[in-house]
Amino acid sequence: MKSRTYLPYYFIAPAAIVIFGIALYPILHTFFISLHQINLKFPDLGMSFIWFENYIRLFQDGRAMGALFNTIFFTVSTVALELVFGMIIAILMDRALRFRGILRATVLIPWAMPTVVAAMLWRWMYNDQSGIINAILYGTGIIPEYIQFLAEPALAWTAVIVTEVWKTTPFMALLLLAGLQVIPREVYEASEIDGASKVRTFFTITLPLLRPVLLVALLFRTLDAFRVFDVIFVMTGGGPGNATESLSLYTYKTMFGALDFGYGSALSVLTFVCVIIISVLYIKFIGTRGQQ
Amino acid sequence: MKFSGLIALIVVYSLLLIGCAEDNDITTITFNVGRDPTAAHHSIIRNFEEKHPDIRVQVVESPQDASLQHDLYVTRFAGKDASIDVIAIDVIWTAEFARAGWLLPLNDLVEELPMDDFLPGPIEACTYQDSLYALPWFTDAGLLYYRTDLLEEYGFDEPKTWDELTEIVSTIRQDYPHLSGFLIQAEQYEGLITNVMEFLWSHGADVWDETGRWRIATPEAEEALQLLINFIQVEGIIPRGVLTYQEEESRHVFQDGRAIFLRNWPYVWELANNPATGSNVAGKIGIAPVPGKEPDKQAATLGGWNLGISSFSEHPEESWKLIRFFMEYEQMKQFSIEGGRLPTRISLYEDPDILERSPYFKDLYEVFINARPRPVTPHYSQISDIMQVNIHRALLGRLSVREALERIDAEVLALFGRYGQ
């Protein structure tokens, strides 16, 4: 009988080894490289162990800290907006009994588009002379002259956030819709009989019952938003005046532009640590309360 | 059934072995190049294979985007990938790849070629610490495009100085306030540096001092950058939108007929002169060198691609044969005629067949003989990044010109301090 208890482990072992090999090992190796000075452009200088010097440099590097701040700002603002719009769309789709299939397919279009293509599309729409946004605003007389959306830090941020929200709200909406549909109708009927208002019903019934789905949706979107690269890379390249540079973009420039793999790895580790913190916080604050 | 399957397998494998055995005296080399829509190199490679039946060339195409190609090559070189033989590299990577030891020096080999016939700028871009690591395949340089109809209407000649350009723009815009004056590429990206270098050089400024040390914060550079900022922020000679423009955005505005001047690469000429591409200015445009502070200071930033041999190549001799073939007069001529690319050999700018296809090459020669490479250093990509960030901030008005230049110096010197110049 005893041998049986070991059996499951044998079955799990291959998967565990694969996960270790493709997930854990690269992370550990990146951390190992981040303790070295190594630049691929200078193979003759080799790879010298420098303890935590890259990390000291990182915290003194205004650009890295700026990129971290930008990334947090981007993550918070996009995820918050996606949550609000995603929820509204999900509730509307939940109510709509007719055309639900078509509606769902239509809503999904931005999500189905590759991010780089979508970002390129929006980049042209924001163009000051040939962009449709300026054409509409100017044509209707709302603005007296063309606006250079991507040339002002605040406007560029708005433009990038709008693009990201447009692109990823469908994902949020679909996950929330799935959550809404498993809430039993009887609960709503009961609250209606009790005389609860629509708003009250939403906050005391819909939201708590949606919590597990909400956790998954928010976690996915937050982690995804924190890694943001493509939208910013295509739309602004980190500009204007480096105002929209994200951590991933700076890491990319350090690794592949400058070929400074030591420092670039330290930046990657910073991203990884942030992602871990975000996950832990989510699971702690939303996850456990959801189980009550 | 099982038995016959086994026999079939053996047969297939022995055929494969025979196939390999036959190929033994044929060497296959790879030609690594970014995707080129004109694909003009394919027919030249076919001719090469006919002349050298013992060499087969496999073309390995990578994405058209230059920075993606850079990432791809870096990854492969870092892994000491022996499958790269001949490689096409952007002029700005040559020093970097040479310093990393990824390219073979070609000093002894090039004696087989008439080196005096090559344009000096592209050769300088191929040279790192007095050794030649590549040869220029085709070239490119910044040009000034202008609207001949508008300039003629007001009786202006093409501008040779920034003052003349300012005067032309101011005069014409009094009657056509909706026209943009002068378009450049000033997004935070590599193209910004190509434009800024032209402004610097046209004021007699440079990034190296007389002793070859890095120093960009000079009065001349300050004057140059201040002029650029005045053009954008004060005088409206350059529209503010250029802060978001790359080559294609500026080309579209110009060929829609909404600007008087455009600084861009030679590729714009054929597109803007072709009504089929939706151009409104076909037949109404001219080209000239980018203006200078004085007429004799006109400068152009060099672009273009070089051919080199990977240090990890197992077939350097065959690779050299291919590069030499591309550098010969006939092949470069064919490449220019079929692909519209600008040759790097001086004598080709007088070739009647080339001039018949592209008569404007004659005007370009003056620009190309003077075109200068961006700083030739293995640190170039990082220096460019530092310059992009600080100059773009200055263009936005968030840093003064002097502050921006001094920050560039400080950051570049810190970089040199870390790895040596």
Side-chain angles (χ1 to χ4, degrees), chain A residues 37-45 50 53-54 57 60-63 66 116 120 123-124 126-131 134 138 145-153 155-156 159 232-245 249-250 252-263, chain B residues 67-68 70-72 74-75 77-78 80 95-97 99-102 178 180 183 186-190 192 232 239-246 248-250 252-253 256 258-259 378-386 388-399 404 411 415 418-420:
Chain A
Q37 168 142 323
I38 171 171
N39 191 315
L40 291 192
K41 267 184 222 177
F42 309 104
D44 50 318
L45 299 183
I50 53 167
E53 236 171 80
N54 281 326
R57 180 176 154 202
Q60 290 168 343
D61 180 0
R63 192 165 165 187
V116 173
M120 201 50 115
R123 184 189 158 102
W124 278 103
Y126 285 122
N127 184 287
D128 64 328
Q129 303 242 1
S130 28
N134 265 311
Y138 185 78
E145 53 186 21
Y146 292 142
I147 297 175
Q148 296 88 34
F149 286 101
L150 300 175
E152 275 318 317
L155 288 175
I232 295 178
F233 180 72
V234 171
M235 285 184 65
T236 67
N242 226 36
T244 61
E245 189 172 70
L249 187 54
Y250 185 40
Y252 166 79
K253 286 179 184 169
T254 309
M255 283 256 202
F256 288 98
L259 303 187
D260 189 342
F261 271 54
Y263 189 55
Chain B
S67 61
L68 290 179
H70 181 260
D71 298 351
L72 199 72
V74 164
T75 318
F77 276 129
K80 301 190 174 20
E96 174 189 330
F97 285 12
R99 172 67 180 82
W102 296 336
H178 289 295
S180 292
L183 299 175
E187 203 196 21
Q188 182 184 326
Y189 83 119
E190 178 55 35
L192 171 65
I232 296 175
R240 227 181 130 68
V242 298
L243 294 176
T244 66
Y245 283 8
Q246 297 191 2
E248 282 298 87
E249 278 97 347
S250 58
H252 278 289
V253 176
D256 279 354
R258 287 191 271 175
H379 295 288
Y380 178 71
S381 57
Q382 214 166 349
I383 290 177
S384 165
D385 185 44
I386 292 170
Q388 287 169 36
V389 170
N390 288 300
I391 292 176
H392 210 253
R393 285 204 180 126
L395 297 184
L396 283 177
R398 304 217 152 184
L399 273 182
E411 288 174 39
L415 176 68
R418 207 171 292 130
Y419 299 108

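Residue numbers start from 1 in every chain, and the chains themselves are labelled A, B, ... in the order their sequence lines are given, proteins ahead of strands. All values below come from the heavy atoms of this structure, side chains included, with hydrogens, waters and symmetry mates left out.
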Is the closest side-chain heavy-atom distance between [X] and [Y] below 4.5 Å?
X	Y	result
W124(A)	H252(B)	yes
L259(A)	E96(B)	yes
N127(A)	E249(B)	yes
R99(B)	D44(A)	yes
L243(B)	P240(A)	no
Q188(B)	T236(A)	no

Look at the rings of F42(A) and Y419(B) and say which category their plane angle falls in: under 30° parallel, 30 to 60° tilted, over 60° perpendicular.
parallel

Using a 3.5 Å distance criterion without hydrogens, assess whether the side chain of [X] forms a donor-acceptor pair with backbone atoms of [Y].
X	Y	value
E187(B)	G239(A)	no
T244(B)	A151(A)	no
R258(B)	Q129(A)	yes

Using heavy-atom distances under 4.5 Å, tell me whether [X] contacts chain A through its side chain, its backbone, both, or neither.
X	answer
E190(B)	neither
T75(B)	side chain
V253(B)	side chain

Salt bridge check, E145(A) against R240(B): does any charged N sit closer than 4.0 Å to a carboxylate O?
no

Check each atom of M235(A) against the heavy atoms of chain B and say whether the ones under 4.5 Å are side chain, backbone, both or neither.
backbone

So which part of L45(A) gets closer than 4.5 Å to some heavy atom of chain B, the side chain, the backbone, both or neither?
side chain

For residues S381(B) and G257(A), report the shortest heavy-atom separation together with the two atoms involved.
OG-O, 2.6 Å

Smallest heavy-atom separation, D128(A) atom then G241(B) atom, equals OD2-CA, 3.3 Å

Atom CZ of R63(A) with >12 non-hydrogen neighbours under 6.0 angstrom:
yes

Determine the option with the most heavy-atom pairs under 4.5 angstrom with chain A, choosing from Y189(B), F77(B), W102(B).
W102(B)

Flag the one option from I391(B), N390(B), V389(B), V74(B) with the top tally of heavy-atom pairs under 4.5 Å to chain A.
V389(B)

Please round to the nearest 0.5 Å and tell me the distance separating atom [atom1] of [X] and atom [atom2] of [Y].
X	Y	atom1	atom2	answer
S67(B)	F233(A)	OG	CZ	4.5 Å
R393(B)	N242(A)	CZ	CG	5.5 Å
L68(B)	F256(A)	CG	CZ	11.0 Å

Evaluate Y252(A) against D71(B) for side-chain contact (heavy atoms from CB on, under 4.5 Å), listing each step before the verdict.
CA-CA 10 Å; Y252(A) 166 79; D71(B) 298 351; 2.7 Å; yes

With side-chain contact (heavy atoms from CB on, under 4.5 Å) as the criterion, how do K253(A) and Q388(B) come out once you've worked through the C-alpha distance, each side chain's angles and the decisive distance to 0.1 Å?
CA-CA 12 Å; K253(A) 286 179 184 169; Q388(B) 287 169 36; 5.6 Å; no

Under a 4.5 Å heavy-atom cutoff, which of A243(A), A156(A), P153(A) has the most pairs with chain B?
P153(A)

